[in-house]
S.K.: 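Take a look at the following structure, please.
Predicted model, so just to flag it, every value in this text is computed and none were measured.
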Amino acid sequence: MNPTILLILVLFVGVEISFTSVIWANVIIIAISVLIMLWHRAPILSYVRLLLVPLIPAVGIWFSIRYFSTAQSVHFAWVMATRIYAYAFLGGLFTFSTTTEKTLASLEQNAHIPSTFVYGMLGAFNFVPKIRSEVKIIRASAQMRGINLHFWSPQLLFKAIVAALNWSENLAEAMTSHGFTENAPRTHRTVIRIPWWNYLLSVVSLVGLQLLLLSGLQ
Amino acid sequence: MQQKAAHSNRWHLRDVILITITSIFMGIIFFVTGFLYNGLTLALTPLGMAPFANDILLGLWTMAGPLAAFMLQKVGAATIGELLASAVEAIIGGQWGPSTLISGFVQGFGSELGFTFTLYRRYDMASLSLSVLTTAIVTFAWDLVRSGYAAYHPWMIVALFITRFISMWVFGALLVSAVTKLLDRSHLLDRRHA
């Protein structure tokens, strides 16, 4: 499916289940996400991760709704617990259906996000390994002077921002000197189109979700 | 390159890259927050107080907005900064996937409002505190629905809001202003704000 359409669909579903309390809808969303992940052959470990990571918040919210909500409703406790899992699995569905590069490319071509943002982000993501080592360097050099920088130290953030300022100037100039012009019209080697069945599938899924939510209302 | 005489509201390539790199930095520095959050939730769960873990730490996650607003001083900087930070979090493997984007937008919009009320003229402790207040109100309204806060007893709702406001003030106002003071003394941002 086209990443932009999928993103809009996933966000729409995410917002809608935030405003409704139908356990079945959450469970079916989780099941559909698992099916799609199976179809994309997601590794076994990713299911384990998706099951384990939300466990703590889900159990936590279950207990607090049971203890401290005015109704102390078991139903609502399960709604919240399954909602947290539904968010996590919607994330899994999206992650295994596409890649960051494809999503950003599609956002540029299909959603018409300004190219400055798209290519700026793409460029910046290449710094991830450098940023990791920079954080280590900043902390190590502080430790050599007997100072321990915690993640809440202004010094750590300040030094990180100084590095970010240098890198952003350099990268922006490098991109400009290679011919990148801010928000100028671009041609694309791979043109991303939205197939008609994407719209059909989105409409069918959304209608299905509404029916599911309506049936859970009474 | 530096021909902008008047302070412009246009987003340039270097602004986007700067905010994204800063967000990745924060994402990596706050990666610890995820563990902290889980540990705190675990500790508070037997008491039924798990939502407090979220509110105690929320200030950390909402720092990107005010920091971006301070660094760039543009209309929309807080919203775009927080949204980009949440996109970075979603991409480098945050646990909530694309729904992080929704939270990021809500948080960014919240902190943006504070700067909007000052007409984007003041960038000091007062506007930071105002931005913290609007962020707390907007995100809390969202959590009343999304995280089911509306179901709790009134005393718990009030306690959660106060916790959230304090957390946001400590990180979003106190820490951000400490960082920006260091930046001001370094004069590194002068050229950008000229």
S.K.: How long is the gap from CG on B:Leu175 to OG on A:Ser153, to the nearest 0.5 Å?
M.R.: 8.5 Å
S.K.: So, does A:Thr70 use its side chain to make a donor-acceptor pair with the main chain of B:Ala151 at under 3.5 Å?
M.R.: yes
S.K.: Heavy-atom count around B:Phe161 CZ within 6.0 Å, excluding the residue itself: above 12?
M.R.: yes
S.K.: Within this structure, what is the CG-CG distance for the pair A:Asn166 and B:Leu18, rounded to the nearest 0.5 Å?
M.R.: 10.5 Å
S.K.: Looking at A:Arg66, I want to see if its CZ is surrounded by more than 12 non-hydrogen atoms of other residues, nucleotides or ligands under 6.0 Å.
M.R.: yes
S.K.: Relative to chain B, which of A:Gly14, A:Ala163, A:Ser64, A:Gly123 shows the most heavy atom pairs under 4.5 Å?
M.R.: A:Ser64
S.K.: Non-hydrogen atoms of chain A under 4.5 Å away: do they reach the side chain of B:Leu174, the backbone, both or neither?
M.R.: neither
S.K.: Is there a side-chain contact between A:Ile65 and B:Tyr152 in this structure, where contact means two heavy atoms from C-beta onward sitting under 4.5 Å apart?
M.R.: yes
S.K.: Examine whether an atom of B:Thr180 lies under 4.5 Å from a heavy atom of chain A, and if so say whether it belongs to the side chain, the backbone or both; otherwise answer neither.
M.R.: neither
S.K.: With chain B, which of A:Phe68, A:Phe117, A:Tyr67, A:Phe19 has the greatest number of heavy-atom pairs at distances under 4.5 Å?
M.R.: A:Phe68
S.K.: Would you say that B:Met63 contacts A:Leu157 through its side chain, given a criterion of any heavy-atom pair below 4.5 Å between the two side chains?
M.R.: yes
S.K.: A:Val10 versus chain B, heavy atoms under 4.5 Å apart: side chain, backbone, both or neither?
M.R.: side chain
S.K.: Is the A:Trp167 ring parallel, tilted or perpendicular to the B:Phe25 ring (thresholds 30°, 60°)?
M.R.: parallel
S.K.: Report which part of A:Phe158 has an atom under 4.5 Å of a heavy atom belonging to chain B: side chain, backbone, both, or neither.
M.R.: both
S.K.: Nearest 0.5 Å, what's the OG1-CD1 distance between B:Thr22 and A:Ile161?
M.R.: 5.5 Å
S.K.: Taking the side chain as C-beta and beyond, is there a heavy-atom pair between A:Gln155 and B:Leu182 under 4.5 Å?
M.R.: yes
S.K.: Please classify the contact of B:Ala87 with chain A as side chain, backbone, both or neither, using a heavy-atom distance under 4.5 Å.
M.R.: side chain
S.K.: Go through B:Asn54, B:Leu84, B:Leu67, B:Leu47 and name the one with the most non-hydrogen pairs under 4.5 angstrom from chain A.
M.R.: B:Leu47
S.K.: Return yes if some donor-acceptor pair links the side-chain N/O of A:Arg83 with the main-chain N/O of B:Arg146 below 3.5 Å, else return no.
M.R.: yes
S.K.: For A:Val79, which atoms come within 4.5 Å of any heavy atom of chain B: side chain, backbone, both, or neither?
M.R.: neither
S.K.: Are the side chains of B:Leu189 and A:Leu165 in contact, using a 4.5 Å heavy-atom criterion?
M.R.: yes
S.K.: Does any heavy atom of chain B fall under 4.5 Å from the side chain of A:Met121, the backbone, both, or neither of them?
M.R.: both
S.K.: So which heavy atom on A:Met80 is nearest to which on B:Gly148, and how close?
M.R.: CE-N, 3.8 Å
S.K.: With no hydrogens and no angle check, is any side-chain donor or acceptor of A:Glu182 less than 3.5 Å from a backbone partner on B:Leu13?
M.R.: yes
S.K.: Is it true that, when you exclude B:Trp155 itself, more than 12 heavy atoms of the residues, nucleotides or ligands shown sit nearer than 6.0 Å to its CH2?
M.R.: yes
S.K.: Quick one: are A:Pro114 and B:Trp11 in side-chain contact, heavy atoms under 4.5 Å?
M.R.: no
S.K.: Hey, which of A:Phe76, A:Tyr119, A:Phe125, A:Phe94 has the most heavy atom pairs under 4.5 Å with chain B?
M.R.: A:Phe125
S.K.: Answer yes or no: does atom CD1 of A:Ile44 have more than 12 heavy-atom neighbours from other residues, nucleotides or ligands under 6.0 Å?
M.R.: no
S.K.: Could you look at B:Ile80 and say if it's the side chain, the backbone, both or neither that has a heavy atom under 4.5 Å from chain A?
M.R.: side chain
S.K.: Taking side chain as everything from C-beta outward and backbone as N, CA, C, O, which of these in B:Val16 sits under 4.5 Å from a heavy atom of chain A? Side chain, backbone, both or neither.
M.R.: side chain
S.K.: So, taking the atom named NZ in A:Lys130 and the one named CD1 in B:Ile24, what distance separates them when rounded to the nearest 0.5 Å?
M.R.: 12.5 Å
S.K.: Looking at A:His75, I want to see if its NE2 is surrounded by more than 12 non-hydrogen atoms of other residues, nucleotides or ligands under 6.0 Å.
M.R.: yes
S.K.: Got a second to check how far A:Ser168's OG is from B:His12's NE2, nearest 0.5 Å?
M.R.: 12.5 Å
S.K.: Hey, which of B:Ala150, B:Ser147, B:Pro154 has the most heavy atom pairs under 4.5 Å with chain A?
M.R.: B:Ser147
S.K.: Please give me the minimum heavy-atom distance between B:Ile21 and A:Ala164, naming the atom from each residue.
M.R.: CG2-CB, 3.6 Å
S.K.: Can you tell me how far OG1 of B:Thr45 sits from CH2 of A:Trp62, rounded to the nearest 0.5 angstrom?
M.R.: 12.0 Å
S.K.: With a 4.5 angstrom heavy-atom cut-off, could you sort out which part of A:Leu55 is near chain B: side chain, backbone, both or neither?
M.R.: neither
